[in-house]
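Heads up, the thing below is written out as structure tokens.
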Amino acid sequence: MVKCPCMQTIYDLNLKQMEEMLAEHGQKSYRAKQLFTWLYRKRAESFEEMSDLPKALTEKLSEEYLLMPLKEIERQVARDGTTKYLFEMADGSSVEAVLMHFHFGDSLCISSQVGCNMGCKFCASGLLKKQRDLSAGEMAAQVLYVQKELDVNGGRVDNIVIMGTGEPFDNYDNVMRFCEIVNSDHGLAIGARHITISTCGIVPRINDFAAGHYQYNLAISLHAPEDELRSRLMPINHAYPLDELMAALKAYSEDNHRRLTFEYILLHEVNDTDAHAKKLADLIRGMNAYVNLIPYNPVDEHGFQGVSEKKALHFYDVLMKNGVKATLRQKHGDDIDAACGQLRARHERNRQNG
Ligand code: SAH
């Protein structure tokens with residue numbers, strides 16, 4: 001039968017929801033684990049192949065649910081092996097995911113929304129406004145798609161970072177369900193400490209996250225150590241200024257005994273002076289946290305520039321001398337449309353221009 005694109009993907013359901021759904025079909029709860037195993041361990045391509053489930057059930061499920069809700073429409077592979085995927089979903093909208101190879105394993109950066117409304121001035125994702133949230137299953141499918149490809153050579157998605165297009169805490173429930181699904185022992189069994197959620201700083205959701213006592217890593221896009229500059233770069237700072245943001249983060253980190261990552265893109269003559277580094281150190285010193293200095297991937301439309309490696313190393317030194325740990329992020333895939341949202345933005349432009 002031809003499936004309607006409005007059908008829900010079965011990857012949207014966590015184990016409990018799968019048990020409830022199967023109970024409605026008169027099935028015992030152990031069937032949920034069986035189904036999860038088929039989806040995530042055996043990476044089934046169809047309901048028909050789920051041979052230890054009753055045929056009447058798999059027939060019903062295939063009428064009610066989509067399996068893979070996305071397909072690859074473009075990919076770019078950089079010289080360092082970084083691979084950027086452009087996926088199209090059942091409703092025709094598209095999202096990006098990026099696979100990067102590190103010495104500690106393969107990391108997949110996934111998108112959480114179609115477009116983004118946060119409007120950060122340096123970011124390519126915000127060039128296209130948010131069309132909609134991604135469902136938990138549409139996020140899980142990005143991971144599964146890439147995992148299936150790695151299966152061919154016995155590889156594995158070791159880490160997931162939710163740092164692609166979208167603001168994960170503007171799609172909180174779906175993102176948390178996605179994390180639960182990929183983290184589940186019956187799902188992809190990716191350890192919670194191998195999953196990183198990156199937020200621009202939506203304080204009420206940081207508080208929810210703190211109250212949930214999750215073991216996932218939290219990263220905060222800071223990019224400026226004082227309100228005036230941060231508000232100019234990141235409009236979200238008007239709603240949740242630095243004192244509120246830092247108070248919420250301190251409470252989270254202390255209650256949960258978790259180390260925070262602060263992401264800081266070095267932008268030429270914007271946030272890259274010694275004075276900025278010292279202010280940043282003053283803001284963070286004493287917290288269980290470190291700063292990840294990120295090389296900027298230029299986005300033509302925005303006019304910002306990155307800094308030289310020498311400058312980045314100097315900024316790093318000033319932070320360290322002022323009592324704050326820092327790392328310099330390696331550049332990945334700088335010969336492709338590496339900035340989040342760049343490939344998609346170009347694809348959408350080409351589509352509009354016919
Ligand atoms: N909305 C979330 C997650 C998506 S952005 C957040 O703000 O954290 C993921 C990270 O990439 C953020 O730190 C973001 O500031 C950074 N980023 C955005 N555009 C970039 C660019 N052109 N070059 C380098 N990093 C960029």
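Just so you know, ligand 1 is whichever comes first in the structure, and atom 1 is the first atom listed for that ligand.
- The salt bridge (Lys or Arg N to Asp or Glu O under 4.0 Å) pairs that include a residue from residues 7-30 are Lys16-Glu20, where partners are two or more places apart or lie in different chains.
- An N or O contact shorter than 3.5 Å is missing between Cys123 and ligand 1 by distance.
- Nearest approach of Lys121 to Phe304, heavy atoms of both residues: O-CE1, 3.4 Å.
- The option with the heavy atom closest to atom 4 (C) of ligand 1, from among Gly164, Cys109, Pro168, is Gly164.
- When only modelled atom types and interatomic distance are considered, Glu96 and Thr165 share no side-chain donor-acceptor pair under 3.5 Å.
- Closest heavy-atom approach to atom 2 (C) of ligand 1 among the candidates Ser198, Ser111, Cys120: Ser198.
- With a 4.0 Å cut-off on non-hydrogen atoms, Ile265 touches ligand 1 through its side chain and not its backbone.
- Between Glu167 and Thr199, the side chains place a donor N or O and an acceptor N or O closer than 3.5 Å (distance only, hydrogens not considered).
- Close approach of ligand 1 to His223 is summarised as follows: ligand atoms under 4.0 Å from at least one heavy atom of the residue are 13 (O), 14 (C), 15 (O).
- Residue Val299 has at least one heavy-atom neighbour below 4.0 Å for each of these atoms of ligand 1: 22 (N).
- Of all non-hydrogen atoms in Thr196 and Ala219, the two that sit nearest each other are CG2-CB, 4.0 Å.
- When the heavy atoms of Pro295, Ala124, Cys200 are ranked by distance to atom 24 (C) of ligand 1, first place goes to Pro295.
- Numbered from 1 in the order shown, with element, the atoms of ligand 1 that lie under 4.0 Å from a heavy atom of Gly166 read 1 (N), 2 (C), 3 (C), 4 (C).
- Of all the atoms in ligand 1, the ones that sit under 4.0 Å from a non-hydrogen atom of Glu263 are 10 (C), 12 (C), 13 (O).
- A donor and an acceptor atom, one from each side chain of His314 and Asp274, are located under 3.5 Å apart.
- Under the 4.0 Å criterion applied to side-chain N and carboxylate O atoms, Arg43 and Asp151 are assigned as salt-bridge partners.
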